[in-house]
Every structure is written in structure tokens, then in C-alpha cells.
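Quick note on labels: first sequence line is chain A, next is B, and so on, each numbered from 1.
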Amino acid sequence: MHEAYDIHHVQEKWLPIWDEIAPFRSGKKDDPRPKKYVLDMFPYPSGDLHMGHAEAYALGDVIARYWVQKGFNVMHPIGWDAFGLPAENAAIKRNEDPSIWTYENINTQRASMRRYACSFDWDRVLYTCDPTYYRWNQWIFLKLYEKGLAYRKDSAVNWCPDCQTVLANEQVVAGLCERCDNPVTKKKLNQWYFKITDYTERLLKDMEQLEGKWPEKVLTMQRNWIGKSTGAEVKFEIEGRAEPVVIYTTRPDTLYGATFMVVAVDSELARELASGTSIESDFNKYFDSVKAASDIDRLSTERPKSGIFLKRYAINPVNGERIPIWASDYVLADYGTGAIMAVPAHDQRDLDFARAMKLPVRVVVATEADDPAVSGVATDGDGKLINSGSLNGLSTSEAIKKVISELEAKGLAKATSNFRLRDWLISRQRYWGTPIPIIHCEKCGEVPVPLEQLPVKLPDSKSVDLKPKGSSPLATAKDWVNVNCPKCGAMAMRDTDTMDTFVDSSWYFLRYTSVDKDDRAFDLDEVKTWLPVDQYVGGVTHAILHLLYSRFFTKALFDMGMVDFNEPFTRLLNQGMVIMDGSAMSKSRGNLVRLSDELERHGVDAIRLSMVFAGPPEDDIDWADVSPSGSVKFLNRAWRLSGDVTSKVGVDFQTGDIALRKVTHKALHDISFAIESFRFNVAVARVMELVNATRKAIDSGCGGPDPAVREATETVAIALSLIAPYTAEEMWERLGHKPSVALAGWPKLDESLLTEEAVTAIFQINGKIKSRVEVSPTISDSELEAMALADQGVKSELGSTAPKKVITKAPKFVNIVL
RNA sequence: GCCCCUGUAGCCCAAUGGCAGAGGCAGACGACUUAAAAUCGUCCAAGUGUGGGUUCGACCCCCACCGGGGGCACCA
């Protein structure tokens, strides 16, 4: 047995020592070091940590530990996103309070994080299910309510029959509930919303600040989700109706091509236009059939168009033409005005509808393509306007401008934009969440719970019927529900919905600064010290939901003067997933490889190292490609160096072997650069190189007593302290240092050691390499060029031909063009 | 259907427009060993998905196509 260290013994040895030293407690107010706020997305406490957590927290840890070594005052907190359905479902199954299951899991995860050597500041921990946290959820809710940013409305909402609760638009993926994958239906309910649509423009515009600092992919996804479109609203007179109908279009240039109008079947307008007419009963039949269809069917673009003619007519404002009005489900009630002008020649959906209903098609934009009426393919590209009165001959963009200004002058149109983003539906009909702090009084209406009465604590789960039944479980807690109205004192009722858990996570990064404060959500001074988050680390699964909501909260709080920045996360790193046989390894998808087994077999350090080394952080890791035993081997190799160093602590490195010193400082430089650009796999490769070079120096070079060997080995230990803390600590101790290596400080780079004595220059002819020579790195262009022209290999190749051109870039190459 | 990312040794992955290979896995051989494991050392392999273009020079920039991944998708 070659010398190696006992992983498990080493792990048990260092944990209590680290608890004692607490190297990652963030500094207090008077700390002179510059600050860094490194934040990992907090976990949901669903059982123990899994492989996905292992990757995410390994990456966040490298960043946090690096900045500590570089002399920053780093805040790296952790908490639990502890409200949510799984706890409630477990509680129903086990017939006990959801908090029991929740805190059991939290304790398990916390112990695992400690063992996994996560560099969290254990003095800054929060649990969103704790009243000391959700109290401030309620407080923020009331602040938003005051500003008109929280409101209630009736509407057809997404309803998951399986989870027995409503869902936000963002939680419906392709017509399925993102949590349970069951089809989502529509249900008409009175629900609470946050008015995120007030912030669409700013959410879009402020992304400019994030350019280059957030993954482009996430920015694109957010832009798509917000979905801005620009166009115009145009007024159409309706025969037999006093008020005109306003439609929204992105192509006002095609107004002359509008051959009919379509209103959303589920809109108020459709109902009104149909009422009292001969087709009213047919309309109702059609309306009912649409309502019965699931979202899944509705979303299918393959589905044939359906609709009903309302026997009413609108007047096209550009040409006075009388066009029929239809109702259909292909027009959405809650986008734009719920009514459109249909231009079948230049919009595929309108064309499909026109063909199905035998409605006329009129081309008004001339393109090379076939006639849409014949081909069935709408031409939506640019072209010259025809059949369009004063617009004839104009290009698409010119026509848009002209027609808007013409109609605007008559008060018939205005340029406007529309957004895909809808308001954020936050009420949930479940127990395990933050109660909405509103009291409903027959006389006074909605009455906010007075701030001094917060928190509105959840009633004891024993007094509540938790079983899903489509209404809020809180309604069954009679003692809790019935209260006096804070305004008039009459008997009133509490709101029985709880908040979406995304509310909890929309501001938790602020709470970390002030977890010890029980008189405010967060302390402005502390927030000014720490925020915004310098580095946020988490999965791309939250690219839209959580990040968009957090950005919205930050802007709303900014407007209320509660924070002094408008984007919460300066830099974002999205790690990939850990996959196996093509599917993600997470709790919900089934743990294919158990983290605890891997840790038992290979040790914490080897797993952390494997995660960091597997590839670029944003790429998925296929566990089949990872070799934890290779990591074990490398860590032992690194560790053995520390036993071969025979010089004393404090020996003058300047006197060490120059060749090894150069390797060390080059490595140091490259490691820093790689880490700061998130290329952790490259950083590891550089450490491996340094280990290899040091091994060689010990065995067949300057030898163990040389100070350069100590310098190299200490550098390895410090570099490894970011990735493999146990091994690094062992090395540091064997090198004669006191713990902890986590606080050793990043070695100072000696720039003078980065320059090479000699570099290899290449001589090319027509870009092909003909010979190489060793030259000084400071050689001039002209010197190098002279050398190239005098070179034997080049000369024989050249013969008598005179070079057409010579390109020289000292000291790297000369290219002779013939 | 639209948009984005991606394609380098058997595999995972590196290469400011300038010598295609840093590192690892797997493999082969050797040293140590009675032997094996462990360890140490040596070696092995691709011309960068395909076809064009720009350039003195392209894995890198541009265009098209093919394969893989992701996002959006009746939002007018």
C-alpha cells in the first residue's frame, strides 16, 4: 500500500476544527476588506442533497472561497425555500404537521452541507416557513397593496386538478402543470395578482446592464417571455353599436387587406355582440364547446380553426368597407384588445380561418411568393403595397408609419406596444404557505391587516383539513378565519389563500443581510453594504420564474425607496445538470446515483473535484463520463507532495529553483484567470500540471529540500483549498502551517517570473511551417525577419523567388508570402 | 414553424485569428513487487461535422447545409 490518507478519518478530523475557526463568517460593518456577496440559490428541503446540489454548491464554493483567499469580506449565506406542496402532501400522508417533515429535511441537508464543506456563513441562515421570515412576506405584500401593485380580480385562471390549486402562467409548461405534469384546466376564480406588467418596459430595458454578465441564454429567455411587440391600435366602427371596437395589430400597413374581424369567443365583447341576435344560442353552444376543451387541445397549432359568424359588421376605417365579424378561440381574450382585424393574405392564422370559413383573401403586399389564396401560405414578408389607396407603392415600414399618422390625425389609431407578460397570479389554495394578510369585511371590503398585527400566523395544522378539495384548507380553520374587522370591528373573515412560494424567494437575498433583525424586513444600511449580489449561482431552470420575479421585486422596492439599486444580481452563473442515461438526477426525477453513496465511496473532496473538473460549469455533466476514482488518485498525488517537502516554513522562496518557480507562478496566474472567468475545469487542469511539475522536480530535479518545492506545494494546497478543502487542510498541516488553509491568502504573483528566457518562433511560407528556432522573447520584428530570411529551411524553399510579402509578429512567427 | 447555443483523439474537454493538445478518463508498454493492487515512468491516437467565403494565415470570423441540445410557439 502506497502512502495515502484515510478520507473518512480526515473528514471527521477537520469538521470540528472548522466549526471552531469558522473561516467563512462574514465580516462585520467595520471590516476594512472590500465586500463580495456570493449567493447560491437556496434549496427546497425535499430529502437529502442530491447530485445536482453537489455540483451547484461545489461551484459556488470555489467562487466564495477564492474571493476569501483574495482578501475579500465575503458573505456566502444559505437558507431553505421551505414552503410548498411536497411538505403538505407528506403531511397528509403522515398525518402530521408539514413543519415536521420540513425541518427534518432541513436538518438532514444542513448536516450534509457541513460535511460537504460548503463555505456558508452559518450565522446567516433563513427558513421561509418560519414566521420571522414570512411575516416580512406579508409586510411586503401590504406595501405592494398600498401602491396598487397587489390586487384581486376575477378571471379564468390556470387550475391544476391534481395539485388542486391555481398556477401562474409561468408554472404552466405546454399546457401541463410544471410540478406534476398533469393537464391544466381553466377555472373562473377571484384571485390575487401582483402587477408585474407595470414593470414590463423596465424589466426589458434594464437587461442592458446585465449584458455580458448574465448568460445570453437567460436574457433571451426573459426577453421572449416578456414578449414585446410594437404596432398600433385601430378603431373600427361597428354597425348598430355606439362605441367603436379597438383592435391591436403589428401590421397596420395591411389594413386594406382586412377582409373580416375576429373577436375572442371568451371575451365580453363577443358575448355582447351576440346577445339578442338570431345566433345567440349557436354562439353559446360554441362558447361552451371551447370552454370544455383542455389547454392542451387549445395549444395545438395543428387543430383546424373553428368559429362562428356573429352576423354583425365592422367598418374598415381606411376604406369604409363593411367587413363581417366572427368569434373564434384562436383570438385570445387577454392579449391586446381581444379583437383583431384579419388579413388572411398576410397572416397564416387568418388565412387558415378564411379558408375554413370561405372568406375572401386580398393581397395588399406584393411579394415574389405565390398567391396565398391559392397556395394556402400567407406571405408575411416585406414588399411593395398594392390595392391600398394612398399606401400604394410604399414599403412595409414606410406604409406602417404613414397609415398610423394618417389615422392618428383623425383620432382613429395610435402607435402602441403589447406584451406577452401577464400579471403574476400569486394566490394558492393550499395550506403550507404565507397567509395573505387581508381581512374581508362586509361593510369595509378588503381591509389590510394592520402592520403591528403581523405576522398572520398559519393556524395549527390540527385545526385544518389539509385534504385537497379545490378550496383553501385555511377556510376550514373556523377560529382562525373569523376575526373582527380592523376598521369597523364587525365580524369579518380572513383571506384564506396563501402566497405562491415564488414570493418567498423574490427577496430572500435581502433578508440574509438582516436575519438577526426582528423589527424590519431588512436593514437599509446592511443592504447598502452588501447588495446587489455580486455573484449568483444556480440552475437555468429558474431562468424565467424566479429571476424575473426577483427583478420585479427589486424594482418595486427601489421605487418605494427601500433599496438603492434596480437589479438584484450583478453576475449570474447557471450550472448545468448532472445527468445519467439522458435524464436529470434530481429528487423529482428519481435519484439514479445517490450522492451519499458516492461520498461514502470516494470522499467529499473527490466528488467536489469531479464536479468542478467535469467540464465547463454551464454544461451538463453526464455522470457516466466522470471518474471519481481519478479524482481520488490526483488528490493523493497532490497530498504526497506535502510529505516530500523538507524545507522549513518561512524559507525564502527567492532562493529556490528558478525553473520550478516559473512553473508555479505561471500556474498561479492561469488558475486565477481561469477561476475569474468561470473556467474551473481549466483551473483544475493547471493545478494538475503544477502537481506533475512538482513531482518531477522532487524525483528528478531540484529535490525536496529546494525552497521552490515548498513554494509550489503551498500553492497547490491553497489552490486546492477552493475545491478539495480536506486534502488542502491536510497538506497545509503537513507543510507545518496552522489551520486553516482557507485563510492562508492567495499567493502573491511574481510577474517577473512569467517571462520566458526563450520562446520558439516559427517560420512559415504561405502559412505552412518550414522551421522553428529558439529566440529571445524580446527580439524585434526586423531581427526575427532577418533570421527567417537567413534560415536554411526557408532559403532552400525560396530558391530564387523573391517574397511578395513578409508578415512578422515577434517573437512568435514570420510568414513569407510568395 | 421561429429564435438561440453547440459539433476538436475511443470518451470528457483545452487552445487573445498564428506550432491543433493543457489536463483527465480509457488503452498499451515498462519499472517496483514472489505476485497483484497502489505508485512511478513512457507511449498511443484526431487535422477540428460538411461545403463555400474572408485573410498572408481560420478550430476561432461570415454564408449554406447536416447532426446534437435548448427556448418560444394561434400573443395578431
Nearest-Å distance once atom C1' is located in both B:C32 and B:G41:
11 Å
In whole angstrom, give me the gap between the C1' atoms of B:A20 and B:A14.
10 Å
Measuring from the side chain of A:E689 (C-beta onward, heavy atoms only), which nucleotide among B:G18, B:G23, B:A14 has the closest atom?
B:G23
Which heavy atom of A:D382 sits nearest to which heavy atom of A:T396, and what is that distance?
CA-OG1, 3.4 Å
Taking a pair as Watson-Crick or G-U wobble with both distances under 3.5 Å, which nucleotide is matched to B:G41?
B:C29
Taking a pair as Watson-Crick or G-U wobble with both distances under 3.5 Å, which nucleotide is matched to B:A58?
none
To the nearest angstrom, the NZ-P distance between A:K666 and B:A15 comes to 12 Å
Which residues in residues 335-345 of chain A have a heavy atom closer than 4.0 Å to any atom of RNA chain B?
A:Y335, A:I340
Please report whether the ring centroid of A:F419 lies less than 6.0 Å from that of A:Y335.
no
Report the glycosidic orientation of B:G47: syn if within 90° of 0, anti in every other case.
syn
is_close_aromatic(A:Y193, A:W424), centroid dist under 6.0 Å
no
Is the shortest heavy-atom distance from the side chain of A:D380 to the side chain of A:D347 under 4.5 Å?
no
Distance in angstrom units between A:K228 NZ and B:C72 C1', rounded:
19 Å
So, do A:P616 and A:D619 sit near enough that their side-chain heavy atoms are less than 4.5 Å apart?
yes
Here's one to test your reading of the geometry: is the NZ or CZ of A:K305 within 45 degrees of the ring axis of A:Y330 and under 6.0 Å from its centre?
yes
Only one of A:R734, A:K696, A:R695 passes salt bridge (Lys or Arg N to Asp or Glu O under 4.0 Å) with A:D644; say which it is.
A:R695
Can you name the nearest heavy-atom pair linking A:L573 to A:E618, along with the distance?
CD1-OE1, 4.4 Å
Quick one: is B:C12 close enough that its OP1 or OP2 comes under 4.0 Å of any side-chain N or O from A:S627?
no
Any base atoms under 4.0 Å from A:F613, or only sugar-phosphate, or nothing? Heavy atoms, all strands.
base
Contact nearer the 5' end of RNA chain B, comparing A:I816 with A:D620:
A:D620
Give the nucleotide from the list B:C56, B:C74, B:C25 with an atom nearest to the side chain of A:Y330.
B:C74
Given atom CZ of A:F763 and atom P of B:G57, what is their separation to the nearest angstrom?
20 Å
Gap between atoms CG and C1', on A:L219 and B:G70 respectively (whole Å)
15 Å
For residues A:E233 and A:T337, determine if any side-chain heavy atom of one lies less than 4.5 Å from a side-chain heavy atom of the other.
yes
Separation of the C1' atoms in B:C63 and B:G27, to the nearest angstrom:
41 Å
What is the distance from CG of A:D619 to C1' of B:U6, rounded to the nearest Å?
9 Å
Take atom P in B:A36 and the same atom in B:G30, then report the distance between them in whole Å.
11 Å
Under 4.0 Å, heavy atoms only, any strand: does A:R686 hit a base, just the sugar-phosphate, or nothing?
base
Nearest-Å distance for atom pair CD1/C1', residues A:I226 and B:G71
15 Å
Short side-chain N/O contact from A:R223 to OP1 or OP2 of B:C72, under 4.0 Å
no
Please give, in whole Å, the distance from B:U55 P to A:N815 CG?
15 Å
When the C1' atoms of B:C44 and B:U6 are compared, how many Å lie between them, rounded to an integer?
29 Å
note: A:N574, atom CG; B:G71, atom P; distance rounded to Å ~ 13 Å
Contact check, side chains of A:V540 and A:P215, non-hydrogen atoms, under 4.5 Å
no
With heavy-atom distances below 4.5 Å as the criterion, would you say the side chains of A:Y286 and A:D329 are in contact?
yes
Return no unless some side-chain N or O of A:R420 is found under 4.0 Å from OP1 or OP2 of B:C74.
no
Is any side-chain nitrogen or oxygen of A:N636 closer than 4.0 Å to OP1 or OP2 of B:A38?
no
Could you tell me the Watson-Crick or G-U partner of B:A35, where both distances fall under 3.5 Å? Say none if there is no partner.
none
Taking the same atom, C1', in B:G24 and in B:C65, what whole-Å distance lies between them?
34 Å
Reading RNA chain B from 5' onward, which residue's closest nucleotide shows up sooner: A:V817 or A:R695?
A:R695
Tell me what A:N692 touches on the nucleic acid: a base, only sugar-phosphate, or nothing, going by heavy atoms under 4.0 Å.
sugar-phosphate
Closest to the side chain of A:V331, out of B:A76, B:C74, B:G23, is B:A76
What's the closest nucleotide to the A:M221 side chain, out of B:U39, B:G23, B:G71?
B:G71
Report yes if some heavy atom in the side chain of A:I325 is under 4.5 Å from a heavy atom in the side chain of A:F236; otherwise report no.
no
Restricting to nitrogen or oxygen on both sides, can you table the protein-nucleotides 2-4 of chain B pairs closer than 3.5 Å?
none

Can you tell me the Watson-Crick or wobble partner of B:C72, both distances under 3.5 angstrom?
B:G1
Inter-nucleotide C1' distance (B:A9, B:A22), Å rounded:
14 Å
Once you apply a heavy-atom cut-off of 4.0 Å, does A:Y248 come out as touching a base, just sugar-phosphate, or nothing?
sugar-phosphate
What's the gap between B:C12 and B:C2 when it is taken at their P atoms, as a whole Å value?
30 Å
